[in-house]
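Working notes, structure below.
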Amino acid sequence: MTAPAPRKAFGRLSLPERNFVANALRTETVGGVLLLLAAVAALVWANIPALHDSYESVSHWHIGPASLGLNLSVAHWAADGLLAVFFFVAGIELKRELVAGDLRDPKAAALPVAAALCGMIAPAVVYTLTSGAGGGSLAGWAVPTATDIAFALAVLAVIGTSLPSALRAFLLTLAVVDDLFAILIIALFFTDGLNFAALGGAVAGLVVFWLLLRRRVRGWYVYVPLAVVIWGLMYNSGIHATIAGVAMGLMLRCHREEGEEHSLGERIEHRVRPLSAGLAVPLFALFSAGVAVSGDALAKVFTQPETLGVVLGLVAGKTLGVFGGTWLTSRFTRASLSDDLEWADVFAVATLAGIGFTVSLLIGELAFEDDAALTDSVKAAVLAGSLIATALATVLLKIRNARYRRLADEEERDEDQDGVPDVYEQDDPEYHLRMARILEKKAAEHRRLAREKAAARDALAQVPGGAGDRHDGPA
């Protein structure tokens, strides 16, 4: 019996998956650029002396009903409220990957899951060793474990690399799994005390949410108020409120039924993702990234054990973890690297995983919420580590950018002009017949031009004083 052929890691995506990834990444890239702008705006606002006080005033201004336990600061609303939208989209992405994407196939899922898992364990180990050796707090072990996909894709957009779709899809799937583990970390390790009455109410609300979906009840005016109630109860339960967003996202149906072009989850994700990427995450960045940047502050980043652990965790831990997890999976399974790529390409993408921003900032606030000074230092460390990872990824990706551009051009080429890239039609006889007709038409046109040029040249040669009547000697 013939052994099955080895599966190609980072091979070409199927056409539907390629189109979905392209649409998702396009929105994430735009959101990532807005995220970068918001982070820069926060740093400028917080570091100009004349504006610093206003930044603090706006960030700590409280709003909301105190009777419901929701009299929160603007920064708190951004972290607990707006990020619930971000995690709602993350929940839908995870559900889709589980039922219709790469994660539905255990063999295909092994690579991104192993890479994401190793990419979270390694930074946590690096932080623990670094901070522990320097006598620092171990509470921030989870800070460098998260990857910010929007920030990473914004970097790709800025440096202009034509990264092949398979590597971009790997980065997206890696971030989805990364988000899942980050959600579990927040739920398990950053829950102080539980209010069982509020938690029971939140669970009851989620059950109602699920029943409404099962009964095909329609109308945003039903689900949005219910979602707000569930969020408020989850917040008061002591569990981080963003978990409510994840839970509701996971409940949406993400498989397509007969006659559907897109599933319910895909349709809702398409509508909510711009709100998440374009508003929720940038506003969170605006009120979280505003840390004081000075010579002393930057020096502390590389001298304090906690902050140095965050930087090394993002830059070294993430890169080695993602690359090591990918290599080990390929080494001990039948997966082999695509013929178009080299391990240097995987290493370059692994450095992008070291860009930890949104979730890293959130976990930093949760880990050191009782120490405002250390919280700001850890935020500065997240920014520094992300910038260093960005610089390394830029250099590594630029080295191979010409190769990536050729691969991207091959993926996009559509010579028969039918709207489907040619690489997806190589096994279709009709494609080759279309190409034959196109090439025959071009050949006929070139033969006609050849006859015209030959006739024009012969006519010129017969005219006295023309090209055929030249004399090489002096006049």
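We count residues from 1, following the sequence as given. The figures here come from the full heavy-atom set of this structure, side chains too, leaving out hydrogens, waters and symmetry mates. This structure is a prediction, so every number in the text was calculated from the model and none was measured.
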When rounded to the nearest 0.5 angstrom, what distance separates [atom1] in [X] from [atom2] in [Y]?
X      : Y      : atom1 : atom2 : answer
Leu83  : Leu283 : CG    : CG    : 10.0 Å
Leu98  : Glu93  : CG    : CD    : 11.5 Å
Cys118 : Leu320 : SG    : CG    : 11.0 Å
Ile268 : Arg273 : CD1   : CZ    : 13.5 Å
Leu117 : Thr145 : CG    : OG1   : 11.0 Å
Leu129 : Leu138 : CG    : CG    : 9.5 Å

Phe86/Val281 under side chain to side chain contact (heavy atoms under 4.5 Å, CB included): CA gap, chis, key distance, verdict
CA-CA 7 Å; Phe86 166 79; Val281 175; 3.5 Å; yes
Quick check: do [X] and [Y] have side-chain heavy atoms less than 4.5 Å from each other?
X      : Y      : answer
Phe181 : Ile121 : no
Thr358 : Phe284 : yes
Phe287 : Val58  : yes
Met251 : Phe209 : yes
Val349 : Val322 : no

When you measure from the side chain of [X] to the backbone of [Y], do you find a donor-acceptor pair of N or O atoms at a distance under 3.5 Å?
X      : Y      : value
Thr130 : Gly309 : no
Lys379 : Gly364 : no
Asn71  : Pro65  : no
Ser59  : Tyr55  : yes
Asp148 : Ile355 : no
Tyr223 : Val217 : yes
Trp231 : Ala202 : no
Asp80  : Thr242 : no
Ser73  : Trp61  : no
Lys318 : Gly119 : yes

Would Glu257 and Arg216 pass as an ion pair if we require N to O under 4.0 Å?
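Salt bridge flag = yes for Arg216 with Glu257.
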Any salt bridge between Glu342 and Arg400, counting N to O under 4.0 Å?
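Salt bridge: yes.
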If every non-hydrogen atom of [X] is compared with every non-hydrogen atom of [Y], which pair is closest and at what distance?
X      : Y      : value
Ser276 : Pro282 : O-CD, 4.0 Å
Ser360 : Ala146 : OG-O, 3.6 Å
Tyr235 : Gly69  : CE2-O, 3.4 Å
Ser137 : Tyr127 : O-OH, 2.8 Å
Ala42  : Leu286 : CB-O, 3.2 Å
Phe170 : Pro112 : CE1-CA, 4.1 Å

May I have the step-by-step check of salt bridge (charged side-chain N to carboxylate O under 4.0 Å, His left out) for Glu269 and Lys95, ending in yes or no?
CA-CA 11 Å; Glu269 180 187 8; Lys95 179 69 172 291; over 6 Å; no
Please walk me through it: do Ser288 and Glu365 pass side-chain hydrogen bond (donor to acceptor under 3.5 Å, both in side chains)?
CA-CA 9 Å; Ser288 293; Glu365 291 181 355; 3.2 Å; yes
From the list Arg271, His255, Arg256, Arg253, side-chain hydrogen bond (donor to acceptor under 3.5 Å, both in side chains) partner of Glu266 resolves to Arg256
Test side chain to side chain contact (heavy atoms under 4.5 Å, CB included) applied to Phe357 and Leu383, step by step:
CA-CA 7 Å; Phe357 193 77; Leu383 295 173; 3.1 Å; yes
Should we say atom CZ of Phe347 is surrounded by more than 12 heavy atoms from elsewhere, each under 6.0 Å from it?
no
NE2 of His270: more than 12 outside heavy atoms within 6.0 angstrom?
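Atom NE2 in His270 is not packed in, count stays at 12 or less.
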Test side chain to side chain contact (heavy atoms under 4.5 Å, CB included) applied to Leu206 and Met248, step by step:
CA-CA 7 Å; Leu206 289 171; Met248 286 183 279; 3.7 Å; yes
Sub-6.0 Å ring centroid separation between Trp141 and Phe189:
yes
Please determine whether side chain to side chain contact (heavy atoms under 4.5 Å, CB included) holds for the pair Met120 and Ile185, giving the CA-CA distance in whole Å, both sets of side-chain angles, and the decisive distance to 0.1 Å.
CA-CA 11 Å; Met120 299 190 83; Ile185 287 173; 3.9 Å; yes
